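Okay, structure first, notes after.
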Number of protein chains: 4
Amino acid sequence: MNKKREVESSVKDESLIAKRRSQMIRGAVTLFKQKGFHRTTTREIAKAAGFSIGTLYEYIRTKEDVLYLVCDSIYDEVHTRLAALDTENASIEVLKTALQHYYGLIDDMQDEFVVMYQESKSLPKDALQYVLNKEIEMVSLFERLLKECVESGELELTPKEITLASHHLFVQGQMWAFRRWALNDFTIEEFINMQTQFLLQGMAGEKISIQGA
Amino acid sequence: MNKKREVESSVKDESLIAKRRSQMIRGAVTLFKQKGFHRTTTREIAKAAGFSIGTLYEYIRTKEDVLYLVCDSIYDEVHTRLAALDTENASIEVLKTALQHYYGLIDDMQDEFVVMYQESKSLPKDALQYVLNKEIEMVSLFERLLKECVESGELELTPKEITLASHHLFVQGQMWAFRRWALNDFTIEEFINMQTQFLLQGMAGEKISIQGA
Amino acid sequence: MNKKREVESSVKDESLIAKRRSQMIRGAVTLFKQKGFHRTTTREIAKAAGFSIGTLYEYIRTKEDVLYLVCDSIYDEVHTRLAALDTENASIEVLKTALQHYYGLIDDMQDEFVVMYQESKSLPKDALQYVLNKEIEMVSLFERLLKECVESGELELTPKEITLASHHLFVQGQMWAFRRWALNDFTIEEFINMQTQFLLQGMAGEKISIQGA
Amino acid sequence: MNKKREVESSVKDESLIAKRRSQMIRGAVTLFKQKGFHRTTTREIAKAAGFSIGTLYEYIRTKEDVLYLVCDSIYDEVHTRLAALDTENASIEVLKTALQHYYGLIDDMQDEFVVMYQESKSLPKDALQYVLNKEIEMVSLFERLLKECVESGELELTPKEITLASHHLFVQGQMWAFRRWALNDFTIEEFINMQTQFLLQGMAGEKISIQGA
DNA sequence: CATGAATGAGATTTCATTCAT
DNA sequence: TATGAATGAAATCTCATTCAT
């Protein structure tokens with residue numbers, strides 16, 4: 001399993017920690033989105049969170065901790081929202097539902113996802129590893145769903161095609177977050193529908209020879 | 001057109017400028033890849049380029065100029081390599097060739113592309129705009145090719161599908177650069193083939209109802 | 001006399017003050033020995049003392065107060081232990097007893113003495129003065145004993161020799177606390193004996209011409 | 001041997017490094033003497049040295065480096081001045097000359113010695129070790145001189161007495177630096193004479209029983 | 001043209017102290 | 001009395017940029 005990395009706090013009261021960190025994360029996401037992690041100062045984060053620089057450091061140890069908390073909270077949300085889903089005995093129907101939830105999630109937390117993908121490289125090594133593992137977990141979920149569809153005969157894919165397709169599904173999520181400026185005409189429902197359509201067709205259709213016409 | 005943003009230099013000799021900047025870009029890409037733009041110091045860039053910090057500043061005005069030069073040089077290369085292609089009267093065949101060249105290019109300049117996509121947000125506004133326009137040009141190229149395939153009857157796509165598909169083509173290029181760690185098993189040829197296959201199938205196949213089985 | 005400098009406390013109960021301060025001093029000495037006064041935080045002192053930072057500040061006003069209390073408590077102990085001694089009508093025998101008690105004291109409170117000598121410069125001016133006066137009192141005690149030995153004819157020393165010798169006696173005490181690492185082979189008794197021997201001989205012997213052999 | 005610990009500098013010119021560091025040491029000693037190492041800020045050091053904070057950090061890496069440079073420069077001076085001495089085939093005469101040079105040195109560099117002994121505990125571990133080794137070298141020098149005097153029959157001392165006496169010689173040096181306030185009446189020559197007198201007598205005289213009168 | 005020493009604004013982080021509970 | 005969360009002044013250190021040589 002991917003063990004959660006603890007961020008030390010000198011404050012004891014757990015519920016207060018949760019509250020302050022949530023203020024902190026909210027402020028940080030906004031700032032990181034605007035100016036990026038490196039151009040944002042810890043003082044700005046504190047201010048945006050609504051408390052003093054000294055208080056900020058009662059709840060974290062380094063600036064990188066803030067970034068980690070942002071990433072971690074995203075995956076907590078992902079976990080909460082996808083856990084609600086029953087993905088046992090996958091079918092294309094289940095896959096579609098999963099995508100709907102996943103893309104919906106990204107739509108709701110667009111800023112957070114953009115920040116995470118843009119800035120995660122600035123995390124300390126162990127935190128980066130933790131976040132990457134979370135990403136792998138996501139991709140693996142899609143992989144499992146696809147594999148089960150193949151096993152049930154609903155899809156016909158080679159193992160390599162499964163791998164590639166699961167990355168597609170994942171990357172299309174990022175695309176919705178990152179390329180919104182180019183996708184203004186699309187509603188999220190439209191996007192989900194078209195992407196699912198493309199994808200299933202790409203996978204399910206009769207193979208077209210890519211050599212001949 | 002997207003007017004090239006000039007970077008000022010106090011040196012007059014154009015060929016010397018070209019030479020020094022190319023040393024500079026080479027060094028900078030390596031460093032930016034390793035540690036990111038913000039964690040790389042101008043001293044390090046100068047050293048990696050093989051000259052002193054004083055000399056570095058004879059050829060640029062700010063650190064951000066270095067990043068801009070990196071991005072700009074990538075699009076110069078893109079331009080050079082895709083200009084060789086005859087994309088008039090597009091067909092699926094032409095589209096496939098274009099993809100082959102584009103993905104091949106990304107494969108050759110993986111580090112450069114990663115750096116560009118990761119760090120371009122640190123560019124000053126005008127430089128960022130310039131780079132984004134270059135990106136739009138790329139997407140537009142795919143869009144035009146797809147549109148011509150539709151016009152010639154080789155593909156059947158709505159305008160919105162064309163838009164989305166062209167972004168797909170573009171994003172899959174980024175995917176090859178960014179997710180290489182997950183795609184170790186794939187050769188670039190295999191990747192190109194499978195992606196093209198998926199894509200064309202997704203677009204060309206009989207529409208599958210995504211509601212029913 | 002050297003008027004005791006009061007440390008303010010918001011707590012009224014004198015016996016509670018005494019108890020808390022003694023906990024505080026015990027913890028502080030250990031910490032100051034390990035890391036020095038400046039590298040020790042008030043939080044650490046509170047923790048080592050067994051109560052909260054808030055409580056610490058109920059019994060002192062500033063961090064320097066803690067250092068002062070440490071120094072003061074040392075001289076309280078010195079006072080208590082040397083007061084037991086009858087040093088009226090001094091003789092060499094009395095001097096020897098005094099040294100035995102003084103060096104024995106230093107042996108018992110090594111950490112405290114080291115801390116005091118190393119850190120007392122960080123005391124606020126008035127507190128430093130108070131501590132220096134205590135030191136002068138100590139030296140004066142030795143001076144008086146020596147003077148009385150001279151008066152009684154047991155020793156033959158000029159006034160300047162008395163001054164110097166009394167500082168010697170004092171400094172040798174510090175030496176036992178500070179250079180323990182180099183004096184591992186010596187027991188405290190051995191040390192006392194040899195030092196007394198050296199000293200009395202140095203003072204009592206026939207003068208050797210330091211010019212000729 | 002005690003390998004010199006290098007302090008890194010980003011400046012290349014060795015003679016400039018020497019010059020700037022000497023300015024730095026001069027300023028630092030004054031400040032450390034007045035306020036101690038911890039109460040002195042790096043900005044103050046830079047100012048006292050006559051340059052900016054940025055420049056200071058071109059010649060050191062951490063504040064502790066300044067302290068190390070101070071200590072190191074003292075021992076360089078000690079080395080230079082004592083190396084002039086011929087201490088082969090020691091005699092009491094040679095010992096006396098050595099003391100004269102050593103105490104004279106301390107007299108000349110009183111501030112430096114006080115700072116070194118008061119603040120060296122703040123050095124990083126390896127630097128502290130280096131400085132302690134230098135101290136041991138000094139004590140060993142005295143030890144050797146005493147041993148040779150014993151071998152030549154000029155002094156009669158047990159090995160333990162030699163150890164203790166060499167520490168005495170060393171500590172009396174510190175005493176001259178630290179207790180100057182109490183030794184105002186003494187000239188350095190007087191001090192040297194009296195100390196040598198005391199010492200040699202303490203060592204050379206007929207042993208007095210310290211039990212009886 | 002090339003060099004590299006000098007600069008100082010600005011960033012992160014610590015910690016003594018306060019005060020509401 | 002006891003607690004510990006909040007505060008912000010102040011300290012160390014970095015690094016883009018300049019400019020005299």
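Fair warning: this is a prediction, and the values are worked out from it, not measured in the lab. We name chains A, B, ... by the order of the sequence lines, and we start the count at 1 in each one.
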Side-chain (D72(A)) to main-chain (Y68(A)) donor-acceptor, under 3.5 angstrom: no
Q23(A) side chain to A49(A) backbone, donor-acceptor under 3.5 Å: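 Yes, because the side chain of Q23(A) sits within donor-acceptor range (under 3.5 Å) of the backbone of A49(A).
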V11(B) side-chain proximity, nearest of dC1(E), dT3(F), dC13(F): dC1(E)
Minimum-distance nucleotide (side-chain atoms of T42(A) versus dA16(F), dT17(F), dT13(E)): dT13(E)
Strand partner of dT21(E), provided both Watson-Crick or wobble distances fall under 3.5 Å: dA2(F)
Assigned partner base of dT7(F), Watson-Crick or wobble definition, under 3.5 Å: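 Here dT7(F) is engaged in a pair, and the nucleotide opposite it is dA16(E).
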5'-most by nearest nucleotide on DNA chain F - I60(B) or F51(C): F51(C)
Residue met sooner reading DNA chain F from 5', once R39(D) and D13(C) are mapped to nucleotides: D13(C)
Have a look at [X] and say if it touches a base, only the backbone sugar-phosphate, or nothing, with a 4.0 Å heavy-atom cut-off.
X	value
T40(C)	sugar-phosphate
K12(B)	sugar-phosphate
S10(A)	sugar-phosphate

Whole-Å distance separating the [atom1] atom of [X] from the [atom2] atom of [N]:
X	N	atom1	atom2	answer
E44(D)	dC13(F)	CD	C1'	16 Å
L16(A)	dA20(E)	CG	P	17 Å
L56(A)	dT13(E)	CG	P	10 Å
E14(D)	dG4(E)	CD	C1'	15 Å
E58(D)	dT14(F)	CD	C1'	10 Å
K63(B)	dA9(E)	NZ	P	20 Å
Y57(B)	dC15(F)	OH	P	12 Å
K47(C)	dC15(E)	NZ	P	14 Å

Minimum heavy-atom distance I60(B)-T62(B), with the two atoms named: CD1-O, 3.4 Å
Closest non-hydrogen atom pair, V115(B) against V29(B): CG2-O, 3.8 Å
Comparing I53(B) and T41(C) on DNA chain E - which has the more 5′ nearest nucleotide: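 Comparing both residues, the 5'-ward one is I53(B).
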Presence of donor-acceptor pair under 3.5 Å, side chain of R43(A) and base of dT13(E): yes
Counting just side-chain N and O atoms, does [X] come under 4.0 Å of either OP1 or OP2 of [N]?
X	N	result
T55(A)	dT7(F)	yes
Y59(A)	dA5(F)	no
R20(C)	dA2(F)	yes

Qualifying residue for side chain to side chain contact (heavy atoms under 4.5 Å, CB included) with M116(C), from D111(C), I74(C), L67(C):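 One option only clears the test, and that one is I74(C).
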Mutual orientation of the aromatic rings belonging to F37(A) and F32(A) [parallel < 30°, tilted 30-60°, perpendicular > 60°]: perpendicular
